[in-house]
**Q** 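Quick one: structure below, then a few questions.
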Protein chains: 2
Amino acid sequence: MSAATEGTTKDRLREAAIATVRERGIAGVSARTVAANAGANQASIYYHFGSLDALLSDAAQAATAGRVAAHRDRLAAVASVSELVEVARSLHAEERELGNVTVLAQMLAGAQHDRVLAEGTTAALQLWIDEVEATLQRLLAGSLLEELVDLPALARGVSAAFVGVELLDGAEDDGELPTLDALTQLAGLVQVVLDLGPVAGAAIRRHVKRSTRDR
Amino acid sequence: MSAATEGTTKDRLREAAIATVRERGIAGVSARTVAANAGANQASIYYHFGSLDALLSDAAQAATAGRVAAHRDRLAAVASVSELVEVARSLHAEERELGNVTVLAQMLAGAQHDRVLAEGTTAALQLWIDEVEATLQRLLAGSLLEELVDLPALARGVSAAFVGVELLDGAEDDGELPTLDALTQLAGLVQVVLDLGPVAGAAIRRHVKRSTRDR
DNA sequence: GTCTATAGCTGGATAGAC
DNA sequence: GTCTATCCAGCTATAGAC
């Protein structure tokens with residue numbers, strides 16, 4: 001365990017909450033384990049946050065805000081879908097180490113049956129989703145995809161896929177699994193279609209109209 | 001709670017294990033809650049399965065095999081990516097009710113820090129992944145996508161996305177969220193690209209070669 | 001195979017000293 | 001604000017009656 005010793009108790013509790021979820025999973029989190037990890041006593045959680053749920057909610061949002069900010073510059077520099085895929089790949093690699101997405105996945109699992117945790121976790125995830133949406137919006141402005149796909153929902157779907165991939169890969173002993181690779185190959189294909197030019201674009205638009213009419 | 005009363009104790013425990021995960025999440029599962037749900041006593045779990053982990057592992061595989069079999073005929077009848085999307089949509093709706101994917105998501109979260117659970121859960125998920133892969137293989141045989149994408153990994157990625165979507169949507173109070181819609185819109189676009197015909201296909205192949213060379 | 005009983009532990013939450 | 005002490009509910013795992 002990491003046993004933080006700097007900052008105020010309230011801050012150390014936040015950090016310890018995240019660390020404990022990462023190290024032991026949502027099922028291994030208790031007021032006692034978190035407090036031990038923070039070098040504080042168990043009662044301090046109830047004093048500062050009222051409940052363990054509330055601490056986790058609070059900590060998730062604070063930690064995620066930090067991680068999102070750390071990636072913002074890199075995302076802002078991305079100029080194409082293929083570059084975005086590269087950023088996604090390295091973000092995935094970092095997350096396997098630092099584990100913010102993994103922590104959010106654990107909390108999402110807990111959030112299915114816990115209102116307080118649900119609110120904090122969805123708020124935290126929304127920080128990622130907003131960032132993804134802003135990037136997609138910028139990259140796809142004026143393109144075929146912007147016309148044909150609901151962007152806010154796509155950002156949500158992409159984020160969901162990331163969460164799922166972290167969970168699946170985290171459950172395997174094997175080293176690197178190619179799960180993300182396949183999705184990045186798909187994204188690469190999307191980039192290629194975007195690059196096709198106006199003639200092919202028009203052909204695709206016609207096809208979409210036709211297949212939409214068939215419904 | 002559902003309190004099953006038919007079948008052998010061992011079977012009732014398996015069913016109760018799934019029901020308890022669905023109703024209370026992985027963090028709410030204990031030998032006591034499961035046994036109560038099965039109408040049996042807590043010690044029977046250790047007699048029949050040795051541990052709670054082992055029961056969950058066993059139950060996940062049995063339940064998933066049943067759900068996958070229930071969907072096999074429908075998947076086998078699918079003849080296009082757009083039809084597959086329709087099946088995925090109704091599968092998603094059913095899963096929100098019956099909850100096998102949701103249960104697997106909970107178990108995946110637990111599996112991150114539990115070897116026994118990890119083995120059972122990945123084996124169960126593999127049943128879905130294999131089914132998805134077989135369907136994709138059939139639909140994409142001879143197509144552009146078969147050449148350009150790693151199909152086993154794609155099947156894994158698609159399954160991961162499903163898990164992530166169940167988790168995200170399950171954490172919101174709101175009724176229907178459009179998360180899956182965006183991914184199905186993407187899939188529809190893929191169908192359109194597949195339908196484009198040999199000329200556009202050749203153009204895409206050229207583009208892919210070019211962008212691959214650039215790496 | 002199924003039950004009760006139990007030992008020994010971990011858990012949430014509060015009270016109250018400092 | 002931080003600590004100790006405490007209550008009691010819930011937990012795992014085993015022993016042993018039937």
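Note that these values count all heavy atoms, side chains included, but never hydrogens, waters or copies made by symmetry.
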**Q** With distance as the sole criterion, do the side chain of B:R32 and the base of D:dG10 form a donor-acceptor contact below 3.5 Å?
**A** no
**Q** For the pair made of CG in B:L55 and P in D:dA13, what is the distance, rounded to whole Å?
**A** 12 Å
**Q** To the nearest Å, how far apart are A:L13 CG and C:dG12 P?
**A** 13 Å
**Q** Please report the distance, rounded to the nearest Å, between CG in A:L56 and P in C:dG11.
**A** 14 Å
**Q** Hey, does A:S44 reach any base, or is it just sugar-phosphate, or nothing, if we go heavy atoms under 4.0 Å?
**A** nothing
**Q** Assess whether one donor atom and one acceptor atom, taken from the side chain of A:Q42 and the base of C:dG12, lie less than 3.5 Å apart.
**A** yes
**Q** Taking only side-chain N and O atoms of B:T9, does any of them lie within less than 4.0 angstrom of OP1 or OP2 on C:dT2?
**A** yes
**Q** For DNA chain C, whose closest nucleotide is more 5', that of A:G50 or that of B:A40?
**A** B:A40
**Q** Phosphate oxygens OP1/OP2 of D:dC3: is one of them under 4.0 Å from a side-chain N or O of A:N41?
**A** yes
**Q** Verify whether one side chain among B:T184 and B:R89 offers a donor that lies under 3.5 Å from an acceptor in the other.
**A** yes
**Q** Can you check the B:I45 CD1 to C:dT4 P distance for me, whole Å?
**A** 14 Å
**Q** Would you check if B:E83 and B:V87 make a side-chain contact, meaning some heavy-atom pair closer than 4.5 Å?
**A** no
**Q** Looking at A:L98, is its backbone amide N or carbonyl O close enough to the side chain of A:R22 to form a donor-acceptor pair, meaning the two atoms are under 3.5 Å apart?
**A** yes
**Q** Could you please name the option among D:dC3, C:dC3, D:dT12 that lies closest to any side-chain atom of B:A43?
**A** C:dC3
**Q** So, does A:S159 use its side chain to make a donor-acceptor pair with the main chain of A:A155 at under 3.5 Å?
**A** yes
**Q** In terms of side-chain heavy atoms of A:Y46, which of C:dA13, D:dG1, C:dT2 is nearest?
**A** C:dA13
**Q** How many whole angstroms separate atom OH of A:Y47 from atom P of D:dA5?
**A** 21 Å
**Q** Answer yes or no: is there an ion pair linking B:R156 with A:D169, defined by an N-O contact shorter than 4.0 Å?
**A** yes
**Q** Would you say a side-chain N or O of B:S30 is under 4.0 Å from OP1 or OP2 of D:dC11?
**A** yes
